[in-house]
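Data block below; observations after.
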Amino acid sequence: ETAVFQTPNYHVTQVGNEVSFNCKQTLGHDTMYWYKQDSKKLLKIMFSYNNKQLIVNETVPRRFSPQSSDKAHLNLRIKSVEPEDSAVYLCASRRLGDYEQYFGPGTRLTVL
Amino acid sequence: GEQVEQLPSILRVQEGSSASINCTYENSASNYFPWYKQEPGENPKLIIDIRSNMERKQTQGLIVLLDKKAKRFSLHITDTQPGDSAMYFCAASERQGGRALIFGTGTTVSVSP
């Protein structure tokens, strides 16, 4: 099956902990993204990444960082979570030269 | 940064009627405008898109219009069905920024029988 996969589905943690979310795409795409969807359903870009370039949304706090081992994987690490980080984190991918982005199922983070 | 305004935030329609959602964007370099449908607990799914070299696109009961001069685009759902009830997001992207999608604030569409 070709798609965008994310793990875990859900994660509950305490303020100050470090968390890491995984994203893998088997679509052969070259560019991957992380989006945050908050409790009001607002969707905001966090990172865009291909092999050559990482683009960071200037509003993303420094405790967030993307990590990539190859073009099929883009993980998201949060160094010290805060309550406002509670959200659904959506990974997406796109083939270079195409326009369409395909989303994974998301990881719901709850920070207590 | 770039903003995409989306209205209305809530739209209630009767089954069989049309539903229209409007979006405006700021960045004149934006050249790709997708629409996503998101059902509760699911991820957003692309339902239709339009590029800046077109003014109109239609597929399976969906029509998208683009007015580049006014920086406005819209989604029209014809002959709505209960299965069209969901949240809809418009978005815009440009080549710079890695084609990241800038999303509108979403419209909750509710189709009643």
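All chains are named by letter (A, B, ...) in the order of the sequence lines, taking the proteins before the strands, and each is independently numbered beginning at 1. Since we're looking at a predicted model, the values are computed, not measured.
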Decide whether [X] and [Y] are clustered together by the hydrophobic rule: side chain heavy atoms of Ile, Leu, Val, Met, Phe, Trp, Tyr closer than 4.5 Å, transitively.
X: B:Tyr88; Y: B:Leu46; answer: yes
X: A:Val4; Y: A:Phe21; answer: no
X: A:Leu76; Y: A:Leu42; answer: no
X: B:Ile63; Y: B:Leu75; answer: no
X: A:Tyr49; Y: A:Ile78; answer: yes

Per-residue contact mode, [X] against chain B (heavy atom under 4.5 angstrom):
X: A:Glu100; answer: both
X: A:Phe103; answer: both
X: A:Phe47; answer: neither

Is it the case that more than 12 heavy atoms not belonging to [X] sit under 6.0 Å from its [atom1] atom?
X: A:Glu82; atom1: CD; answer: yes
X: B:Lys37; atom1: NZ; answer: yes
X: B:Lys45; atom1: NZ; answer: yes
X: A:Glu84; atom1: CD; answer: yes

Looking only at heavy atoms and a cut-off of under 4.5 Å, which of B:Ala100, B:Gly106, B:Ala91 has the most pairs with chain A?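 Highest number of pairs under 4.5 Å: B:Ala100.
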
Between the main-chain N or O of B:Arg99 and the side-chain N or O of A:Gln101, is there a donor-acceptor pair closer than 3.5 Å?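 Yes; at least one donor-acceptor contact below 3.5 Å.
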
From A:Lys41 NZ over to B:Thr105 OG1, what is the distance, rounded to the nearest 0.5 angstrom?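 Between A:Lys41 NZ and B:Thr105 OG1, I get 14.0 Å after rounding to 0.5 Å.
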
Under 4.5 Å from any heavy atom of chain A - which part of [X]:
X: B:Pro34; value: neither
X: B:Leu101; value: both
X: B:Arg95; value: neither

Please list, in residue-number order, every residue in [range] that has a heavy atom less than 4.5 Å from any heavy atom of chain B; write 'none' if there are none.
range: residues 63-75 of chain A; result: none
range: residues 89-99 of chain A; result: A:Leu90, A:Arg94, A:Asp98, A:Tyr99
range: residues 104-112 of chain A; result: A:Gly104, A:Pro105

Nearest heavy-atom pair of [X] and [Y]: which atoms, and what distance?
X: A:Thr31; Y: B:Gly98; value: CG2-O, 4.4 Å
X: B:Pro44; Y: A:Leu43; value: CG-CD1, 4.3 Å
X: A:Gln37; Y: B:Phe89; value: NE2-CZ, 3.6 Å

Restricting to ring pair (Phe, Tyr, Trp, His ring centres under 6.0 Å), what partner residues turn up for A:His29, sequence neighbours left out?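 A:His29: ring pair (Phe, Tyr, Trp, His ring centres under 6.0 Å) contacts with A:Tyr102.
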
